[in-house]
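Worksheet for the structure shown next.
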Amino acid sequence: MNYATLTGPKSQVGSIANWVNYSDAILPLADILTEAQAAIYKSLRVREMVVSDAVLTLAQGALNAPLPADFLDPINVRDLFNIPMKARNLSNVKNSRSLDSTGAWVQGYPRRFAFTGTTIEFDCAVDASSAGTYRMDYYGSPAVLSAGNTTNFLTNRYPRLLRYACMAAAADFLNDAARFDRWTQAMLAEIMEIEANDELARRGSEVEPDFSES
């Protein structure tokens with residue numbers, strides 16, 4: 001399974017057009033493939049999607065930092081000294097901030113964070129001693145399949161999942177609600193099975209208790 005095969009003509013075995021038995025002249029195959037991957041990445045969380053040690057550079061006075069463009073979900077955030085920080089809701093984080101008599105944000109050592117759509121927010125402005133490089137592990141959205149990126153972990157490890165997602169996306173384009181529901185349910189069931197099996201890859205690992213500030 002690869003990009004060329006998936007977006008090939010109806011006569012091509014293994015193409016989206018062949019699966020749904022519709023002419024490739026009718027179906028926007030590249031768009032269907034892109035939408036199928038987006039639908040998968042909304043729900044799937046496996047090790048191939050983990051981005052490790054992404055850098056967040058915080059200057060003195062910073063209250064936030066931009067999130068990576070491929071960011072989906074956080075795993076952990078570590079401060080300048082590699083100490084794990086605490087995730088809180090946005091209201092809690094912003095309510096922790098205070099202003100001094102001049103109207104400037106009080107600076108300190110950030111310990112908590114929250115997310116908006118495009119930024120990671122901290123509970124205080126960064127002071128001089130805690131400015132620098134913070135790091136984050138997170139689940140990221142992989143690069144979509146294209147003519148220049150012909151295979152990825154979906155084509156290599158989870159071709160059935162990708163097929164189900166493509167069938168759902170094609171059914172949606174064709175306004176076939178029954179088949180859309182059928183293939184969407186198949187896709188979600190496959191994701192649940194994959195994630196259960198992916199957890200087995202971590203069998204034997206130990207989780208240490210966190211005694212840092214609550």
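Hydrogens, waters and symmetry mates play no part in the numbers below; they use all other heavy atoms, side chains included.
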Problem set entry | Spacing of CG belonging to Asp123 relative to CZ belonging to Arg111, to within rounding of 0.5 Å | 9.0 Å

Exercise. Are a donor atom and an acceptor atom from the side chains of Thr34 and Asp31 found within less than 3.5 Å of each other?
Worked result: no

Exercise. Between the side chains of Thr102 and Asp100, is a donor N or O closer than 3.5 angstrom to an acceptor N or O?
Worked result: yes

Problem set entry | Euclidean distance, Leu145 CG relative to Thr155 OG1, rounded to 0.5 Å | 6.0 Å

Exercise. Distance from Met192 atom CE to Glu195 atom CD, nearest 0.5 Å?
Worked result: 8.5 Å

Exercise. Do Ser146 and Asn149 have a side chain donor and acceptor closer than 3.5 Å?
Worked result: no

Problem set entry | Euclidean distance, Met1 CE relative to Ser15 OG, rounded to 0.5 Å | 10.5 Å

For this session: Could you check whether the rings of Tyr134 and Phe122 sit parallel, tilted or perpendicular, using 30° and 60° as the cut-offs?
Result: tilted

Exercise. What's the spacing between Leu58 CG and Ile120 CD1 if we round to 0.5 Å?
Worked result: 8.0 Å

Exercise. With a 4.5 Å limit on heavy-atom distance, are the side chains of Trp183 and Asp172 in contact?
Worked result: no

Problem set entry | Close side-chain approach of Asn76 to Met85, heavy-atom, < 4.5 Å | no

Exercise. Should we say atom CZ of Arg135 is surrounded by more than 12 heavy atoms from elsewhere, each under 6.0 Å from it?
Worked result: yes

Seminar exercise, completed: With Glu121 as partner, the option from Arg88, Arg112, Arg97 fulfilling side chain to side chain donor-acceptor pair (under 3.5 Å) is Arg97

Exercise. Can any side-chain N or O of Asn18 pair as donor or acceptor with the backbone N or O of Ser11 at less than 3.5 Å?
Worked result: no

Problem set entry | Donor-acceptor contact present, side-chain Glu193 to main-chain Ala189, <3.5 Å | no

Exercise. Can Leu29 and Leu6 be said to form a side chain to side chain contact (heavy atoms under 4.5 Å, CB included), step by step?
Worked result: CA-CA 8 Å; Leu29 298 174; Leu6 289 164; over 6 Å; no

Exercise. What's the verdict on side chain to side chain contact (heavy atoms under 4.5 Å, CB included) for Thr7 and Gln12, showing C-alpha distance, side-chain angles and the deciding distance?
Worked result: CA-CA 9 Å; Thr7 57; Gln12 171 70 57; over 6 Å; no

For this session: Report yes if some heavy atom in the side chain of Val126 is under 4.5 Å from a heavy atom in the side chain of Leu80; otherwise report no.
Result: no

Exercise. Do other residues, nucleotides or ligands put more than 12 heavy atoms under 6.0 Å from Tyr109 OH?
Worked result: yes

For this session: Please determine if Arg45 and Asp73 form a salt bridge, counting it only when a charged side-chain N lies under 4.0 Å from a carboxylate O.
Result: yes

For this session: Report the C-alpha separation of Tyr138 and Asp70 in whole Å, then their side-chain angles, then the decisive distance to 0.1 Å, and conclude whether the side chain to side chain contact (heavy atoms under 4.5 Å, CB included) test is met.
Result: CA-CA 10 Å; Tyr138 66 94; Asp70 63 344; 2.6 Å; yes

Exercise. Which is it for Thr5 and Asn2 under the side chain to side chain donor-acceptor pair (under 3.5 Å) test, yes or no, and what are the steps along the way?
Worked result: CA-CA 5 Å; Thr5 299; Asn2 57 52; 3.2 Å; yes

For this session: I would like to know whether Ser130 and Asp79 meet side chain to side chain contact (heavy atoms under 4.5 Å, CB included); could you show each step before the answer?
Result: CA-CA 8 Å; Ser130 53; Asp79 68 12; over 6 Å; no

Problem set entry | Side-chain heavy-atom pair Phe115, Leu90 within 4.5 angstrom cut-off | no

Exercise. Taking side chain as C-beta onward, heavy atoms only, is Leu33 less than 4.5 Å from Leu162?
Worked result: yes

For this session: Please examine the side chains of Met187 and Leu161, heavy atoms only from C-beta on, and report whether any two atoms are closer than 4.5 Å.
Result: yes

Exercise. What's the spacing between Leu27 CG and Trp19 CH2 if we round to 0.5 Å?
Worked result: 12.5 Å

